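Structure record follows, encoded as structure tokens.
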Amino acid sequence: MRTTYPEASFCFVDVTALADSQTASTTAKDFSNYPLFCDQTARQAPYGTLERNQFLLDGSREIFPAAGPEDVPWWSDEKSDAEGGYVKPPSLEISFTQPHSSIGLTLYFAGDYPARVRITWYTLYGSKLRSQVFYPDSPEYFCSCQVQNYGKLVIEILQSAFPFRYAKLDHVEYGRIWHLGREDIKTASVYEELDPTSATLSINTARLEIVDAAGEFDPANQEGLWKSLQKEQKVSFTEYVDGIPVDCGAFYLDTWECQKNLARFDMKDLLGIMDKTKFYGGRVYHREKAGAILEAVMDSCGVENYQVEKEVADVELSGWLGIQSHRAALQQVAFACGAVADCSRRDGIRIYRPDRHVSRTIGTDRRFQGAKVSMEEYVSSVTVSYTRYTAGGEEKQISKGILAAGRHRIEFGAPYLAESIRASAGIILEARTNYVLLELAEDGECILTGCRYEAEENACTASVSVVEAGENACVRTYKGCTLLDAERAGELAGRLLRHHQTRQALELRYINDGEGVGNWCDVAMRGGAQNTTCILSQTLDLTGGNLATARCLGYQRRTTEDHFAGREMYAGEGGVI
């Protein structure tokens with residue numbers, strides 16, 4: 001029997017606090033290694049000590065090094081007494097250079113966890129903001145306390161859970177990874193989509209509905225998690241299939257609402273985030289590697305987690321990138337390279353050229369009845385339009401208007417030679433192909449002039465040799481790509497024409513076993529027929545058995561059973577096969 005269920009994780013962590021932290025303590029063992037607090041994957045070994053009832057002789061403990069261990073971030077210098085108290089409570093001070101805010105702290109204790117802990121938050125200038133006592137009940141304990149703009153905090157161990165024990169801390173997380181299990185999630189679904197032509201870069205979405213039994217998202221709860229929800233909060237999804245985790249990708253919060261103890265969250269993937277910010281750094285390129293252009297786009301929007309396959313990165317592009325969203329700029333590069341940019345089933349973006357390698361088989365044991373087959377429009381020719389840019393020699397007026405005193409960014413709708421741009425008033429702080437940054441000391445008229453790149457419209461067409469019987473000639477035109485030359489446009493037209501020859505659309509519902517968008521699959525149909533098809537889009541019901549409702553595009557082929565010819569068949573003999 002197949003068992004499936006989802007899990008989700010919200011990242012309520014101030015990720016900048018870790019690198020900004022400085023740790024110190026006057027009540028710690030000399031071997032405490034404070035820099036380890038910045039390595040949140042480090043864990044100290046389970047050493048055997050002379051603490052009461054701690055060192056069981058069962059092989060579960062390591063011998064304590066004579067020179068002191070090197071993997072201990074913090075260890076108190078004294079043991080607790082018979083009541084679990086300390087003469088001087090061990091404490092750890094963490095200071096910052098910038099103010100930080102978090103919904104609390106997650107403390108990771110080594111071995112035993114204490115019975116009582118006090119945390120005090122201060123401003124950068126030493127004023128106390130808040131102090132609260134917590135009662136840990138596990139080695140990984142979240143101290144829920146929302147504090148804004150703190151510059152220092154002090155963690156004090158007031159009482160140990162067992163007598164005659166040291167206090168030991170592995171690291172501190174400035175916030176909380178909030179895990180939601182099968183008992184919390186009411187519904188969860190993911191929508192994935194991929195356009196093999198990259199005429200558009202699709203945005204994957206996710207929806208999550210949870211049972212908010214604790215009222216964390218009730219606006220009346222002033223200590224609830226809802227106060228820490230932010231636009232673009234990261235949420236990771238995992239589907240467990242027979243106990244095996246399957247990564248369903250990372251998404252970012254778009255909208256949320258709560259009603260009658262049910263909270264619903266709608267999310268978008270990383271491409272959706274890139275769609276909200278502008279790329280200003282484009283210019284006119286001449287045979288420049290796509291990898292360098294992609295690096296500039298990704299650096300501009302702060303995306304670090306992306307992969308570009310070498311065959312894409314090495315493509316040389318010519319043309320212009322104007323001011324547009326980062327997603328639109330990425331689409332221009334991907335389209336020109338004949339590549340796709342995909343966020344599905346991952347925390348990041350993969351940029352690659354798709355192929356038709358069949359990697360999956362969806363048999364009748366996984367496909368539900370009622371699959372729908374239809375034919376897409378017949379395409380006999382594909383025309384790709386492109387623009388060639390050459391530097392113009394004549395100076396022209398770019399803009400004219402009354403500007404207020406201060407700094408202005410004036411954006412261009414066409415590319416200009418940056419070094420040719422002049423202003424009749426004010427000081428040009430920065431001149432680029434797509435904009436100028438201008439500063440005026442007083443209100444007044446300003447005329448911008450410069451040499452504009454001349455644009456020459458061109459097109460390349462690829463056509464089938466013979467129009468199929470019963471079909472009419474039909475041309476599909478792709479316009480708006482500004483990163484193509486004649487060579488790239490011709491190659492791209494042929495690639496797109498081959499894509500449009502796969503006309504058979506298939507809509508089906510099936511049990512997903514790892515199939516994702518962009519995968520080519522063999523789908524078993526009635527009567528021995530088989531659809532070889534590419535998954536273009538699908539909705540995954542993570543709480544309903546990991547069922548997928550998919551739309552695919554490919555072609556059909558028919559197979560017959562293999563028959564054994566016998567052992568007496570030799571080369572040169574007659575026979576019917």
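All heavy atoms count here, side chains included; hydrogens, waters and symmetry mates do not. Quantities reported herein were computed from a predicted structural model and do not represent experimental measurements.
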inquiry  = With a 3.5 Å distance limit and no angle check, can you tell me whether T106 reaches the backbone of G175 through a side-chain donor-acceptor pair?
reply    =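 Flag set: sc T106 to bb G175 pair under 3.5 Å.
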
G545 backbone acceptor or donor facing R2 side chain under 3.5 Å =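 Yes, the answer is positive, given that a donor and an acceptor are paired below the 3.5 Å cut-off.
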
Residues that Q324 engages under side chain to side chain contact (heavy atoms under 4.5 Å, CB included), provided they are two or more places apart =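 By the side chain to side chain contact (heavy atoms under 4.5 Å, CB included) rule, Q324 matches L321, A328, A329, Q332.
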
query = Y352 ring centre to R350 NZ or CZ under 6.0 Å, with the angle to the axis within 45°?
reply =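 Checked: cation-pi criterion met.
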
query = Within 45 degrees of the axis of the six-membered ring of Y280 and under 6.0 Å from its centre: does R409 put its NZ or CZ there?
reply =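 Yes; both conditions hold, so R409 lies above the ring face of Y280.
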
task = Could you list all the salt bridge (charged side-chain N to carboxylate O under 4.0 Å, His left out) pairs where at least one residue sits in residues 329-343, not counting sequence neighbours?
result =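 Sorted pair list: D342-R346.
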
query = Do F412 and W320 make the cut of ring centroids closer than 6.0 angstrom?
reply =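 Not under 6.0 Å, so no.
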
message = Please check if the number of heavy atoms outside R488 that lie under 6.0 Å from its CZ is greater than 12.
response =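 Enclosed: over 12 neighbouring heavy atoms sit under 6.0 Å from CZ of R488.
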
Can you give the donor-acceptor pairs under 3.5 Å from side chains of residues 256-265 to other protein atoms, not counting sequence neighbours?
from, atom 1, to, atom 2, distance (Å)
E257, OE2, R264, NH2, 3.3

SB check D254 K276 (cutoff 4.0 Å) =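 Yes, this pair counts.
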
task = Determine, for R207 against D266, whether the closest basic-nitrogen to carboxylate-oxygen distance falls under 4.0 angstrom.
result =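 Yes, charged N to carboxylate O under 4.0 Å.
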
ask   = In a check of side chain to side chain contact (heavy atoms under 4.5 Å, CB included) between L201 and each of L194, L330, D275, which one passes?
value =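 It is L330, the one option of L194, L330, D275 that forms the side chain to side chain contact (heavy atoms under 4.5 Å, CB included) with L201.
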
